[in-house]
Asks: 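One structure coming up, written as structure tokens, with questions to follow.
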There are 2 protein chains.
Amino acid sequence: MPTERTSAGDPAQTLRLLWRAAEDPATPPAPRRGPRRALSVDAVLAAATALADAEGLEAVTIRRVAQELGVVPMSLYTYVPGKAELLDLMMDAAYDAMPRPDTAGEPWRARVKAIAEENRALFEVHPWAAEVSTARPPLGPGLMAKYEHELTAFEDTGLGDVETDDCLTHLLGFVQGWARSAADTRAAQAESAMSDRQWWQANAPLLEKVFDAEKYPNAVRVGSAAGEAHGAAYDADHAYEFGLERVLDSFEALIAGRRRTR
Amino acid sequence: MPTERTSAGDPAQTLRLLWRAAEDPATPPAPRRGPRRALSVDAVLAAATALADAEGLEAVTIRRVAQELGVVPMSLYTYVPGKAELLDLMMDAAYDAMPRPDTAGEPWRARVKAIAEENRALFEVHPWAAEVSTARPPLGPGLMAKYEHELTAFEDTGLGDVETDDCLTHLLGFVQGWARSAADTRAAQAESAMSDRQWWQANAPLLEKVFDAEKYPNAVRVGSAAGEAHGAAYDADHAYEFGLERVLDSFEALIAGRRRTR
DNA sequence: CTTAATACTGTGCGGCGTACAGTGTACAAG
DNA sequence: CTTGTACACTGTACGCCGCACAGTATTAAG
């Protein structure tokens, strides 16, 4: 599995699990034979998420989650069909838990910016979520509530439904891409036990021989200027702020264009 | 290894390998004792890249590359210190092989758009490259040539060095993020043997119960509008064109602002 | 009490990167 | 021409992974 991906499991089972809390209360669960269940889907989900938060997504193995729950690995398969479905549950639960402050009345730019901030916060609380591809999203209550909420930020912009979806996709793509870069930078630092600054300094002697200012004049000039400006080759906070302003500016141009031709 | 990452190996060894072709010709390689080398770094690199192109990055294992070369796995370690260093070589070689057409004389927007297209082409030739995090880039001749080339697209925009680097980072982040989404969508289709359209249709009966237009009015309306417009929930080509125009528009606004305050 | 459904457990498969300890080869020194 | 040594190359082994499968224990239904 090169990249973790949602909706990689059996769709029917996944949907049943995702919407398990919304089951018809008129049909109480039939009494089951066999031993009492020692755990629950939510317990497995909580343990897996806690593990991912603390040690990253690669620590979330069936064996390890079972260990956290004091249970033998294969037991988990009575709660969850497999690892793919567990990941869907984790993502949808994370979406569901996101705060959705009401920004009605504020101008669209502030509302859209708030959406970006909420997603940034998601990736700060659950850094592992940034690594998960949601090309096919987990179609659970969390995603639906999130999508519904985020769309309202584009109300009264004059954009059509399709353009609104395009803009939201673009915005969320930016935030997730940024979160991945930021997480990768942190991970590289942790693994090499070297900060970005230290790493560049450690490599400096070797690089000097190779970063020929005659051969690469722009690269050497711009690279060192950027490095000095941020104190590192890549400053995540700066990249976020710069990128978000660019995204918002581009929406502004789009909205202005639509209003003009309306 | 959750995400593949460049520059995860020993920096000194990595740099020596990356710049191996640029070694001082005044010091010819000392004659070596022992058996003649059956392969070469470039042969290993070529085999690994061919494998990644054909079967994806997760097919690139030491065992498998060795098998392709008709050699036992451990032999590769005499050419390359480990898998991390091999990945750096692959990325830098891919950068090095990118065409760098001269767009001097064209307006900046066309030049910057060409940079995006070149990177899109990179990810089409080597889809695996999109999965690789370059938070710490492979500091080889390929990256240097690419960076130098890409910076020239921003000449005469009036942007400062730091802003130019910010813009380039933002642009490349967009293209790579898009390439990942596109690749993930393709991978999901291949793995489930279901197109996006088929997948949504297969899930439709279950989704109808759950996509409550009263509870999620905007989501249901916008989601179905977007789905109908593109014939799928996610249309990669459309997302690329829409996103690229947004990125270029935002650069236009930034450049106009800088010119005004200059 | 018997039957059957369910929960849980133990073992095993084929894969991964690579540490480590060999073995065989070819050049340099004597 | 012999010997020492640097080097290329090989085989084995370790601890991980998801999970298929077969078996056992527990409970409720008939």
Side-chain angles (χ1 to χ4, degrees), chain A residues 1-5 8-10 13-14 28-44 47-48 51-52 55-90 128 131 191, chain B residues 1-5 8-10 13-14 28-44 47-48 51-52 55-90 128 131 191:
Chain A
M1 235 180 279
T3 301
E4 303 289 345
R5 211 183 311 131
D10 176 57
Q13 285 190 292
T14 305
R32 304 168 135 266
R33 301 186 188 182
R36 254 173 268 288
R37 313 196 100 201
L39 303 170
S40 66
V41 174
D42 286 308
V44 174
L51 201 49
E55 302 182 30
L57 200 53
E58 92 272 28
V60 180
T61 66
I62 295 288
R63 288 152 146 86
R64 186 68 199 285
V65 174
Q67 190 188 336
E68 298 291 320
L69 292 165
V71 145
V72 94
M74 290 308 291
S75 302
L76 296 193
Y77 288 92
T78 53
Y79 298 94
V80 154
K83 210 194 167 188
E85 290 82 357
L86 178 56
L87 187 64
D88 277 45
L89 291 176
M90 290 169 67
W128 52 268
E131 318 179 21
E191 201 165 300
Chain B
M1 236 180 277
T3 300
E4 303 290 344
R5 209 184 311 130
D10 176 57
Q13 285 190 294
T14 306
R32 306 169 133 265
R33 299 187 188 181
R36 253 173 270 288
R37 315 194 102 204
L39 304 171
S40 67
V41 175
D42 286 308
V44 174
L51 201 50
E55 302 181 32
L57 199 55
E58 93 272 28
V60 179
T61 67
I62 294 289
R63 287 154 148 81
R64 186 68 199 286
V65 174
Q67 190 188 337
E68 298 290 322
L69 292 165
V71 145
V72 93
M74 290 309 291
S75 301
L76 297 193
Y77 287 92
T78 52
Y79 298 95
V80 154
K83 209 194 169 189
E85 289 83 357
L86 178 55
L87 187 63
D88 277 44
L89 291 176
M90 290 170 67
W128 51 269
E131 321 178 19
E191 200 165 300

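Below, chain A is the first sequence line, B the second, and so on; all start at residue 1.
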Asks: Let's see if you get this right: which residues in residues 60-68 of chain A place a heavy atom under 4.0 Å from DNA chain C?
Replies: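 Under 4.0 Å from DNA chain C: no residue of residues 60-68 of chain A.
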
Asks: Could you check how far CG of Asp10(B) sits from P of dT18(C), rounded to whole Å?
Replies: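 That distance rounds to 13 Å.
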
Asks: Hey, does Thr78(B) have a side-chain heavy atom less than 4.5 Å from the side chain of Leu39(B)?
Replies: no

Asks: Does the Tyr79(B) side chain pair with the main chain of Val44(B), one donor and one acceptor, at a distance under 3.5 Å?
Replies: no

Asks: Find every protein N or O atom lying less than 3.5 Å from an N or O atom of nucleotides 27-29 of chain D, and list the pairs.
Replies:
from, atom 1, to, atom 2, distance (Å)
dT27(D), O4', Gly34(A), O, 3.3
dT27(D), O2, Gly34(A), N, 3.2

Asks: What's the CD-P distance between Glu58(B) and dC16(C), to the nearest Å?
Replies: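 In whole Å, dC16(C) P lies 11 Å from Glu58(B) CD.
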
Asks: Over all heavy atoms of both residues, which pair between Asp10(A) and Glu85(A) is shortest? Give the atoms and the distance, please.
Replies: N-OE2, 3.1 Å

Asks: Among residues 72-80 of chain B, which contact DNA chain C at a heavy-atom distance under 4.0 Å?
Replies: Met74(B), Tyr77(B)

Asks: Working to the nearest 0.5 angstrom, can you tell me the gap between Leu86(B) CG and Lys83(B) NZ?
Replies: 8.5 Å

Asks: Search all heavy atoms of Ala84(B) against all heavy atoms of Gly9(B) and return the closest pair with its distance.
Replies: CB-N, 3.8 Å

Asks: Under the salt bridge (charged side-chain N to carboxylate O under 4.0 Å, His left out) test, which residues partner Asp42(A), sequence neighbours left out?
Replies: Arg20(A)

Asks: Please give the angle, rounded to 10 degrees, between the axes at the start and the end of the helix from dC1(C)-dG30(D) to dG30(C)-dC1(D), where five pairs define each axis.
Replies: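 The angle separating the two end axes equals 20°.
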
Asks: Would you be so kind as to tabulate the donor-acceptor pairs closer than 3.5 Å made by side chains of residues 59-68 of chain B, with sequence neighbours excluded?
Replies:
from, atom 1, to, atom 2, distance (Å)
Thr61(B), OG1, Arg64(B), N, 3.0
Arg64(B), NE, Glu68(B), OE2, 3.2
Arg64(B), NH1, Glu55(B), OE1, 3.0
Arg64(B), NH2, Glu55(B), OE2, 3.1
Arg64(B), NH2, Glu68(B), OE2, 3.0

Asks: Could you state the atom-to-atom distance from CG of Leu39(B) to P of dC7(D) in whole Å?
Replies: 18 Å

Asks: Could you tell me the separation between the CD atom of Glu85(A) and the P atom of dG18(D), rounded to a whole number of Å?
Replies: 13 Å

Asks: Output the distance between atom CG (Leu76(B)) and atom CG (Leu69(B)), rounded to the nearest 0.5 Å.
Replies: 6.5 Å

Asks: Hey, which sits more toward the 5' end of DNA chain C by its nearest nucleotide, Ala84(B) or Arg37(A)?
Replies: Arg37(A)

Asks: Do Trp128(B) and Glu4(B) have side chains that approach each other closer than 4.5 Å (heavy atoms only, starting at C-beta)?
Replies: no

Asks: For the pair made of CD in Glu55(A) and C1' in dC17(D), what is the distance, rounded to whole Å?
Replies: 16 Å

